[in-house]
Amino acid sequence: MRIDKLLANMGFGTRKEVKQLLKTGLVRVNDAIIKDAKTHVNPEQQQVTVNGETVEYKEFIYLMMNKPQGVISATEDNHDQTVIDLLEHEDLIFEPFPVGRLDKDTEGLLLITNDGQLAHQLLSPKKHVPKTYFALINDVVGEEDIEAFKHGVTLDDGYETKPGVLKVLEAGPTSKIELTITEGKFHQVKRMFEAVGKRVMYLKRIQMGPLPLDETLELGEYRELTDEEIELLREATGK
Ligand code: URA
């Protein structure tokens with residue numbers, strides 16, 4: 001990879017700015033000063049430093065966000081703030097995007113990455129990656145609903161869902177539940193409850209595949225996944 005591309009990718013400015021930086025003589029590859037922007041480097045094998053500081057090169061970024069309500073799961077929107085608007089510059093330079101969508105009024109675990117292949121695998125209906133949601137429902141949720149979800153329910157457009165695992169945490173006029181599904185149809189959880197005559201009043205994703213939501217993240221906060229977490233995600237997609 002060309003040194004100017006590597007430095008631009010790592011947030012050292014535009015290609016033009018990086019060219020100026022190289023001219024200052026502050027960039028070294030394995031201790032040799034590099035001034036030519038066309039110089040090829042192998043970031044896995046060579047040490048690149050800027051002003052004595054090592055540049056840790058990485059191609060991909062993997063973030064877990066605790067998505068707040070009112071924010072859109074998209075990279076751009078004409079009206080509303082997006083989850084990408086909540087990212088720091090140092091993460092934006094990787095041009096990440098959300099892995100699937102949570103509704104504007106849904107909170108919780110959202111993965112954001114620039115690894116298109118992993119994102120695709122995680123979303124592929126063939127991979128059956130489970131997603132678990134916590135919800136408040138406007139009615140008593142009971143055995144009948146558990147049974148209905150176990151067999152799959154018919155959504156408003158006639159689609160028969162795959163089985164879902166419904167756990168009732170607290171039954172009452174407002175019930176607390178957890179639902180695990182392996183699909184990601186538009187508004188799926190809300191529409192599954194509509195199918196049994198009930199309404200989701202609050203929805204939060206608490207788990208995606210092997211990863212639970214990091215509850216230490218405040219709404220709107222995010223963090224990078226650890227190497228172990230990335231590996232668990234890959235395993236969940238069978239890779
Ligand atoms: N199901 C929904 O209805 N909404 C979401 O945001 C996610 C799953």
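Since this is a predicted model, take the numbers as computed values, not measurements. As the structure lists them, so they are numbered: ligands from 1, and atoms in each ligand from 1.
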Of the non-hydrogen atoms in Met192 and Ile181, which two are nearest, and what is the gap between them?
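That would be SD-CG2, 3.8 Å.
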
Assess whether side chain to side chain donor-acceptor pair (under 3.5 Å) is satisfied between Thr113 and Asp115, documenting all intermediate values.
CA-CA 5 Å; Thr113 184; Asp115 183 343; 5.2 Å; no

Got a sec: does the CD of Glu95 have more than 12 other heavy atoms crowding it under 6.0 Å?
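Atom CD in Glu95 is not crowded, with 12 or fewer foreign heavy atoms closer than 6.0 Å.
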
Within 6.0 angstrom of Arg101 CZ, more than 12 heavy atoms from elsewhere
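Count not over threshold, so no.
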
I'd like to know if Arg205 and Asp103 make a salt bridge, using a cut-off of under 4.0 Å between side-chain N and carboxylate O.
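A salt bridge is absent here (no side-chain N lies under 4.0 Å from a carboxylate O).
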
Can a salt bridge be assigned to the pair Lys38 and Asp4 using a cut-off of 4.0 Å between side-chain N and carboxylate O?
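Looking at Lys38 and Asp4, the cut-off is not met.
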
For ligand 1, what is the set of protein residues having any non-hydrogen atom at a distance below 4.0 Å?
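Only Leu102, Asp103, Thr106, Tyr133, His187, Gln188, Val189, Lys190, Leu203 have heavy atoms that fall under 4.0 Å of ligand 1, ordered by chain and number.
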
